[in-house]
Amino acid sequence: MPKTTISVIKADIGSFPGHSRTHPKILEKAAKILKEEEGKLLIDSFVTHCGDDLELIMTHTRGEDNPEIHGLAWKVFTEGAAMAKEMKLYGAGQDILSDAFSGNVKGMGPGVAEMEFEERASDPVLVFMADKTEPGAWNYFLYRIFADPMTNPGLVIDPNMHEGFIFEVHDVVDKRKIRFRTPEESYSLLAYIGAPSRYVVKGVWRKDGLVAASTSTQRLNMLAGRYVGKDDPVMVVRAQSGLPSVGEVIDPFATPVIVAGWMRGSHHGPLMPVGLCDANCTRFDGPPRVICLGFQVSNGKLIGPADMFDDVAFDRVRSKVNEIADIMRAHGPFEPHRLSLEEMEYTTLPGVEKQLKDRWQPLD
Ligand code: 13P
Ligand code: 13P
Ligand code: MG
Ligand code: MG
């Protein structure tokens, strides 16, 4: 049996109204294009959206960074963007930063999380997709899932997880990477990933090399050199049988965690786990949202999805998120609701500063 690859590739190619949600016609078109490739390039596919981000979940046997798979995603995004332009949707073509596709969507605008693995006897896979936040938003959750025994008792009581995990961290500013072993280097890991705007967990492996998690890490606003929206991220996590159980993977999302993003990509706000029916951004273009679809992968087929946050067990965190959203909103344009000055460098604030630069007088 060849190895299975799961590729989750996403882009915001236009939405309605404003940055709220993708259009059903585009979702339909995307699903159709991928369906036509099943049995050819793809084994299976599932198309959905989180807020204004179009999410393509694809399985195949071509490995990560495959030009044909990336080319297929690019075709979906460019055809979808053309439809978005015709309907004059908001931000039509937002994440298509170049017309010249050269075999890989990385650095072109879309976000990518991919994972190639040998299927186990049974392989549960969870796909997380967020809107109005940034890739570093996964850091907190990945730490709790794979390194925190208070979240994941499997680290203590499952002999296959007892040795811990390896985290690969990317510095998205200086473009470098490093690996940390947990539990022995947990504090060093936290020294970096506690600053999620710069240090982003790219992947997690068990110490015997088994791949456990993969995320999308690019920073679109840095690629573009001007504000073009946040890089609303995706993540793939495998579960059970020597990995965290499905329940251990999703439990940390019951904590209301504050992330960067929300209105104009310039505000901190709480991340709300929601079912697909609530994956639409409204209040202050948010609050930031995350959905989770669960599948069993069977010879590359996606058995599912299960809409994991569509459940009363997550009602309490949603209610807490709404309370925190009130508190954050009460700050108006003040920090810490608004991002720090350093982070605002990548928004539209520098334009305002430019307008005012000649009005400043030196202090005596
Ligand atoms: P089951 O005994 O229901 O398979 O559960 C085991 C487990 O891993 C629970 O998270
Ligand atoms: P997106 O990054 O989801 O397009 O949102 C941009 C924005 O400005 C929201 O207010
Ligand atoms: Mg948008
Ligand atoms: Mg978005």
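Numbering of ligands and ligand atoms starts at 1, following listing order.
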_As a test of understanding, state which of V234, L142, V112 forms a side-chain contact (heavy atoms from CB on, under 4.5 Å) with T215._
L142

_Per-atom contacts of ligand 2 with M263, taking only distances under 4.0 Å to non-hydrogen atoms_ = 10 (O)

*Check ligand 2 against D52 and write out every atom of the ligand that is under 4.0 Å from a heavy-atom position of the residue.*
1 (P), 3 (O), 4 (O)

_Test of ring centre spacing under 6.0 Å for F180 and F167_ = no

*Under 3.5 Å donor-acceptor, N139 side chain and V201 backbone*: yes

Between side-chain atoms of residues 27-37 and protein atoms elsewhere (two or more places apart, or another chain), which donor-acceptor pairs fall under 3.5 Å?
unit_1	atom_1	unit_2	atom_2	d
K35	NZ	E38	OE2	2.8
E37	OE1	L41	N	3.4

*asked:* Between R238 and D123, does any NZ, NE, NH1 or NH2 come within less than 4.0 Å of an OD or OE carboxylate oxygen?
replied: yes

*Please check if the side chain of S186 supplies one atom and the backbone of T182 the other of a donor-acceptor pair under 3.5 Å.*
no

*Are the aromatic ring centres of H337 and H267 under 6.0 angstrom apart?*
yes

Ignoring hydrogens and angles, write down the donor-acceptor pairs under 3.5 Å from the side chains of residues 277-287, residues two or more places apart or on other chains.
unit_1	atom_1	unit_2	atom_2	d
R283	NH1	D326	OD1	2.8
R283	NH2	D326	OD1	3.1

*asked:* Using a 4.0 Å cutoff against the non-hydrogen atoms of R264, which atoms of ligand 2 qualify?
replied: 7 (C), 8 (O), 9 (C), 10 (O)

_Determine whether a donor-acceptor pair (N or O, by modelled atom type, separation under 3.5 Å) exists between the side chain of K207 and the backbone of E163._
yes

*So, D171 side chain and Y199 main chain: donor-acceptor pair closer than 3.5 Å or not?*
no

*Identified side-chain contact (heavy atoms from CB on, under 4.5 Å) partner of L42 from the options T59, L56, T61, L72*: L72

*In terms of atom number and element, which parts of ligand 2 are under 4.0 angstrom from non-hydrogen atoms of D12?*
4 (O)

*asked:* Give the residues near ligand 1 by chain and number, with the criterion being a heavy-atom distance under 4.0 Å.
replied: Q240, S245

*Side chain of D232, backbone of T133: donor and acceptor closer than 3.5 Å?*
yes

*asked:* If we only look closer than 2.8 Å, how many protein N, O or S atoms does the Mg ion (ligand 3) have near it?
replied: 3

*So is there a nitrogen or oxygen of D53 less than 3.5 Å from a nitrogen or oxygen in ligand 2?*
no

